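Before any comments, here is the structure.
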Amino acid sequence: MRIRTLLNGGGNLHNGYEYVDLGLSVNWASYNVGASKETEPGLYFKWGATAGYPTPTSDFQRSTYLTGVNELPLVNDAANIIMGGAWRTPSASEVTELLNACNRTFVNNYKGSKYSGLLLTLKKDSSKTIFLPNAGRLNGSSADNINGGGLGYYWCNNPSSSSAAYSLQVTTAGNPTIPQSSKAYGLSVRGVFNEDDIYVPVYNNGYEYLDLGLSVKWATCNVGATRPEGYGLYFACGEITGYSGITTEKKFSWDDYKFGGSSSNFTKYNSTDGLRTLQPEDDAARVNMGSSWRMPTFDEILELYNACDTMWTTINGVYGRLFVLKTKKSKQLFFPATGYCINGVLQERNSIGRFWGSTINSEQVSRAYYLMVNSTDAYPYGHLDRCYGMTVRGVFY
């Protein structure tokens with residue numbers, strides 16, 4: 001879907017921010033993140049931080065920064081978080097594409113401002129330009145030429161090591177390079193987006209889902225939640241009534257499990273009835289979400305795991321694991337660290353997330369398979385007693 005709105009000045013908008021279509025693989029924002037026009041410096045960001053600052057702060061004196069990723073995730077991308085839509089930080093290759101497609105001129109006091117910088121003019125159409133002000137950078141407790149003059153520094157979304165990432169550096173000679181910069185430095189960000197990545201929410205029976213090109217489509221939220229980082233409700237496997245946690249009515253033990261308390265006396269999904277997948281009337285997603293929604297099978301959980309790279313991160317202060325489709329990184333699902341309920345205790349919330357599947361363990365019918373996430377990895381092979389209280393993520397064909 002293409003989203004373009006003509007401005008009075010003849011430009012374009014995506015999610016309220018002006019951009020220039022240079023006919024490249026991505027469209028480029030007309031000004032820096034945090035700026036309102038091209039002659040403003042905007043804000044300065046650590047690599048992987050979404051809080052920006054106009055001047056030095058104690059944050060830039062700390063050697064803490066995002067590690068363990070091969071590319072800046074959208075949840076840690078200042079352009080995406082602040083500008084929204086499909087905006088993100090460009091890759092080093094996209095910066096190189098921009099530089100190669102344009103003639104480069106260093107301009108002093110651009111349009112009468114105090115900022116000098118690099119004016120990029122599209123070789124094929126001189127009416128299309130991008131101005132990158134030499135806004136300097138924040139380095140620890142000091143500011144390097146943030147009031148005009150000096151150099152310009154712009155983050156790329158590619159890390160070069162655990163402590164550094166690539167950045168565009170603009171010199172006063174107008175000869176830009178793409179060196180490494182410490183992730184702890186505060187650099188400018190110029191957003192880009194690909195129109196193919198513009199996200200248009202889609203719904204099944206009122207519940208948002210994401211099509212990852214797999215055998216099933218996945219809900220973006222847990223059953224009972226209204227946002228991806230919401231915990232939702234906890235269910236015992238095969239039960240359709242959910243709870244926000246432990247209650248006087250529900251302790252999540254064998255004593256209050258719907259189908260009995262041992263493999264010898266289960267009234268359903270036992271050693272003799274041959275049922276190894278939850279039936280629709282016992283499926284929490286089907287009953288609570290309706291339509292064709294249901295809980296994922298073991299194979300569908302494994303398929304998701306194999307199709308995605310995952311990383312531990314936070315959304316609005318909630319820890320969890322982000323699943324990023326390997327073949328299209330703009331498609332992402334967040335599984336919050338919901339914890340789990342057992343024997344009257346809600347345990348390990350914000351440390352572990354457990355999500356029931358619909359497949360009963362054939363060798364131990366007292367157990368069912370689930371997806372687990374924690375700060376180390378995601379685990380699609382686990383199985384636990386069916387009386388545990390876990391959250392549920394729906395799927396459908």
Side-chain angles (χ1 to χ4, degrees), residues 29 32-35 41-84 87-95 132 135-146 150-170 176-192 229 309-324 329-330 332 334 336-337 350-351 373-378:
N32 291 349
V33 176
L43 299 173
Y44 300 88
F45 300 85
K46 278 185 175 182
W47 193 85
T50 58
Y53 302 92
T55 55
T57 72
S58 58
D59 189 46
F60 296 104
Q61 299 175 43
R62 304 187 188 101
S63 57
T64 55
Y65 32 71
L66 182 65
T67 60
V69 297
N70 296 319
E71 181 178 291
L72 192 61
L74 293 181
V75 293
N76 299 106
D77 190 315
N80 184 260
I81 296 302
I82 293 175
M83 301 172 75
W87 288 109
R88 59 174 174 81
T89 301
S91 66
S93 62
E94 290 162 348
V95 171
L132 299 173
R137 68 183 178 185
L138 302 184
N139 177 6
S141 60
S142 64
D144 297 339
N145 299 300
I146 67 171
L151 306 180
Y153 303 88
Y154 293 81
W155 282 126
C156 300
N157 71 2
N158 318 93
S160 55
S161 68
S162 61
S163 60
Y166 292 104
S167 62
L168 169 64
Q169 179 176 301
V170 180
T177 58
I178 307 178
Q180 303 176 49
S181 293
S182 167
K183 291 178 179 178
Y185 286 175
L187 307 190
S188 302
V189 174
R190 180 64 64 94
V192 300
E229 70 273 23
D309 294 318
T310 71
M311 65 164 292
W312 187 250
T313 188
T314 61
I315 294 181
N316 294 327
V318 177
Y319 283 94
R321 201 147 198 98
L322 189 70
F323 283 61
V324 181
K329 295 186 181 299
S330 62
Q332 305 179 354
F334 182 70
N350 240 20
S351 296
V373 301
N374 62 18
S375 61
T376 304
D377 202 352

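For clarity, every value in this text was computed on a predicted model and none was experimentally measured.
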Nearest heavy atoms of S160 and Q180, plus distance in Å: OG-OE1, 2.9 Å
Aromatic plane relationship, Y319 with W312 - under 30° parallel, 30 to 60° tilted, over 60° perpendicular: parallel
Separation of M311 CE from F323 CZ (nearest 0.5 Å): 12.5 Å
Inter-residue atom distance T55.OG1 - L43.CG, 0.5 Å rounding: 10.0 Å
S91 and N158: side chain donor to acceptor below 3.5 Å: no
Nearest non-hydrogen partners of N32 and P41, listed with the distance: ND2-O, 3.0 Å
Note, L322 side chain near V75 side chain (heavy atom, < 4.5 Å): yes
Minimum-distance pair of heavy atoms, taken over all atoms of G317 and N350: O-ND2, 4.0 Å
CG-OH distance between L168 and Y153, expressed to the nearest 0.5 angstrom: 11.0 Å
Y154: ring-ring contact (aromatic ring centres under 6.0 Å, His included) partners, not counting sequence neighbours: none
Flag if over 12 foreign heavy atoms under 6.0 Å of CG, N70: no
Within-4.5 Å side-chain heavy-atom neighbours: L187 and S181: yes
CD1-CD1 distance between I81 and I315, expressed to the nearest 0.5 angstrom: 7.5 Å
Nearest heavy-atom neighbours spanning T67 and S162: CG2-O, 3.2 Å
From L72 atom CG to L66 atom CG, the distance as rounded to the nearest 0.5 Å: 6.5 Å
OH on Y53 to NZ on K46, rounded to 0.5 Å: 8.5 Å
Heavy-atom side-chain proximity of W47 to W155 below 4.5 angstrom: yes
Heavy-atom donor-acceptor pair, N374 side chain to D377 backbone, under 3.5 Å: yes
Nearest heavy-atom neighbours spanning P159 and V69: CG-O, 3.3 Å
Working for side chain to side chain contact (heavy atoms under 4.5 Å, CB included), residues S188 and Y44: CA-CA 5 Å; S188 302; Y44 300 88; 4.0 Å; yes
Residue pair C156 / I178, side-chain heavy-atom distance below 4.5 Å: yes
Within-4.5 Å side-chain heavy-atom neighbours: D309 and K329: yes
T310 vs V373, side chain to side chain contact (heavy atoms under 4.5 Å, CB included): CA-CA, chis, key distance, verdict: CA-CA 9 Å; T310 71; V373 301; over 6 Å; no
Pair E71-R88, salt bridge (Lys or Arg N to Asp or Glu O under 4.0 Å): steps then yes or no: CA-CA 11 Å; E71 181 178 291; R88 59 174 174 81; over 6 Å; no
Min side-chain heavy-atom separation I82-T50 under 4.5 Å: no
